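The structure appears right after this line, and notes come after that.
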Amino acid sequence: MRSNSLIEKDRAHYFHPVVPIRAHEKRGVTVMQSGKGVFLTDSEGNELLDGFAGLWCVNAGYGHENVVAAATEQMQRLPYATGYFHFGSEPAIELAAKLAELSPGDLDHVFFTLGGSDAVDTVIRMVRYYFNARGESSKKHFIALEKGYHGSSSNGAGLTALPVFHDKFDLPMQWQHHIASPYPYRNEAASSDEEIIAQGVANLKAKVAELGAENTAAFIMELVQGSGGVIVPPEGYAKAMQDTCRELGILFIVDEVITGFGRTGPMFGCEHEGLTPDFLTTAKGLTSGYAPMGAVFVSDAIYQAIADAAPEGVPFGHGFTYSGHPVSAAVALEVIKLYEGGMIENSKKVGAYFEQQLKTLLDHPVVGEVRAKGLLAAIEIVSNKETKAKPAKDKNVAGRLATAGYENGVIFRAFADDVIGLAPPICITEAEVDLLITRLRATLDTILDVEG
Ligand SMILES: Cc1ncc(COP(=O)(O)O)c(C=O)c1O
């Protein structure tokens, strides 16, 4: 049962991440109780289709007993082992080797973190260390995309380009820069795929020219811009950005915290365009959210340069108590077995069906665009399909959609800028996709008044 005392305790003591605080206090928390497959049950017994896989992380879906058993076994045998002092644990070592085997290019070295934000932070520190070690210590500037999200650590939040992560936090810092998002639906200067790609390349070149290549360290991007509204760049965009980075002598960092582990079909989004970044960040789907963990993949060339840089016997000064936590690593190994045992194939197959079915919503009067890459998608709401006008702010589209969705038995991300974000568990079946679409249509029907 929904417990009033839980709500009161939450209101009084639980400082929630990324919520409007006073609105949350007023509304009260919604407590989730259990999950199975793609469904969640809340504390009042309502069953909900989780169209967002928790926070785009429960890729394998809920309730996998083999994952629970692996965590239990590891906890009983050895709940903790550090990676410091030359120590390690079997699952962390096996996982590093497995990830190196799966990774694109020569990303053969894996540094474990607790999630995505500290993965991005780790990359920033490694990039600095790398250039200082090479005697190129003027290379300090980082470039990212507008509308990008790279976590909310003190450094990473400045690479993120969403206003709520900057305002009153004194961000971005003077070494953090942003160039325009490709955002095909609302790109005023370019329309065809080729034009959008050329625009991205030109913007990156112009920014590096302004900063000086000798002062620019790296460019970071998501393959699909998740928190910025699930913006899908044209095929070939990321590869063109990678080529430009190589031409300009700056590092290319791909943030696959969302797109990793089957979210867009293949194990890594990099596979779509054969990308070989210098660093790759992952988290979320790595453990399917069953335990916290992130991983930074480092190219062999960069690893070797970092390893050679410190004087003999002097440690590389970066790490976390829980880097390579054995329980999280055991969970990740088990989750990867699920991915390799059929879920990646399912994601590719059902992802195509999902995109096709989602497009049937384009006939809805308030739907301006549907965009998808595998099981990662968005529906953009407009008040006028011709002009792409945004609904009036006082229509409170996001708030109403979230409430109506919940009442219709579906959870999705209702972005503040009138975009519905979707990322269901990749174990989803075609029948469950049909149910998701039916519930989404019913939900869209509740905001017909935004039209016109
Ligand atoms: C692309 C991307 N990078 C980094 C992060 C930060 O990850 P975390 O919330 O695990 O710190 C996220 C989280 O949503 C993300 O989407």
Side-chain angles (χ1 to χ4, degrees), residues 15-19 50 52-59 111-127 142-162 164-166 169 171-172 176 178 181-182 218-233 238 241 252-264 268-270 275 277 279-297 320 322-323 325 328 331-332 335 373-378 412-416 419 421-423:
F15 195 149
H16 282 254
V18 197
V19 297
D50 186 1
F52 206 61
L55 196 57
W56 17 44
C57 57
V58 189
N59 289 13
F111 189 97
F112 291 113
T113 64
L114 282 70
S117 295
D118 51 338
V120 170
D121 231 55
T122 293
V123 171
I124 295 170
R125 296 202 78 210
M126 286 183 176
V127 168
F142 281 67
I143 303 169
L145 291 176
E146 282 168 9
K147 292 190 167 287
Y149 186 70
H150 300 291
S152 63
S153 69
S154 309
N155 278 320
L159 295 179
T160 289
L162 302 174
V164 298
F165 291 85
H166 291 175
F169 288 109
L171 289 171
Q176 299 175 317
H178 298 99
S181 160
F219 169 68
I220 182 169
M221 66 175 284
E222 299 159 269
L223 299 180
V224 172
Q225 295 192 280
S227 301
V230 191
I231 292 163
V232 185
M241 296 309 256
F252 179 59
I253 306 162
V254 171
D255 187 343
E256 287 227 44
V257 167
I258 291 177
T259 53
F261 302 101
R263 172 53 57 211
T264 69
F268 295 104
C270 279
L275 301 175
F279 288 96
L280 179 80
T281 49
T282 64
K284 297 188 186 275
L286 170 59
T287 54
S288 244
Y290 280 61
M293 185 176 240
V296 176
F297 296 58
F320 311 111
Y322 299 123
S323 295
H325 194 282
S328 299
V331 164
V335 163
K373 188 124 185 154
L375 288 163
L376 181 58
F412 47 76
R413 177 85 169 261
F415 288 109
V419 173
L422 293 160

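Everything quoted here is computed from the prediction, not taken from an experiment. Remember, it's 1-based here, ligands and their atoms both numbered in the order they're listed. The analysis underlying the following values was restricted to heavy atoms, covering all of them including side chains, and did not include hydrogens, waters or symmetry mates.
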* **Distance from atom 15 (C) of ligand 1 to nearest protein heavy atom, with residue and atom** => Tyr149 CD2, 3.5 Å
* Structure fact -> Looking only at protein heavy atoms, what sits closest to atom 9 (O) of ligand 1 is Ser117 OG, 4.3 Å
* Which class fits the ring pair His166 and His178: parallel under 30°, tilted 30 to 60°, perpendicular over 60°? -> tilted
* Proximity to ligand 1 by part of His150, non-hydrogen separation under 4.0 Å -> backbone
* To do: List every atom of ligand 1 that sits less than 4.0 Å from any heavy atom of Gly115, numbering the atoms from 1 in the order shown and giving each element.
  => 10 (O)
* To do: Report the nearest protein non-hydrogen atom to atom 3 (N) of ligand 1: residue, atom name, distance rounded to 0.1 Å.
  => Asp255 OD2, 2.7 Å
* For residues Arg413 and Trp56, determine if any side-chain heavy atom of one lies less than 4.5 Å from a side-chain heavy atom of the other. => yes
* Structure fact -> ligand 1 atoms nearer than 4.0 angstrom to some heavy atom of Glu222 are 1 (C)
* Taking C-beta and beyond as the side chain, do Phe279 and Val127 meet within less than 4.5 Å on heavy atoms? -> yes
* Asked: Atoms of ligand 1 less than 4.0 Å from Ile258 heavy atoms?
  -> 16 (O)
* To do: Would you mind telling me which of Val123, Val120, Thr122, Asp121 makes a side-chain contact (heavy atoms from CB on, under 4.5 Å) with Asn155?
  => Asp121
* **Side chains of Asp118 and Ser153 in contact at under 4.5 Å (non-hydrogen atoms)** => no
* Structure fact -> If you scan protein heavy atoms around atom 7 (O) of ligand 1, the nearest is Gly116 CA, 3.1 Å
* Residues, nucleotides or ligands: over 12 heavy atoms within 6.0 Å of Tyr322 OH -> no
* Would you check if Phe268 and Thr282 make a side-chain contact, meaning some heavy-atom pair closer than 4.5 Å? => yes
* Asked: Within less than 4.0 angstrom of ligand 1, does Lys284 place any heavy atom?
  -> yes
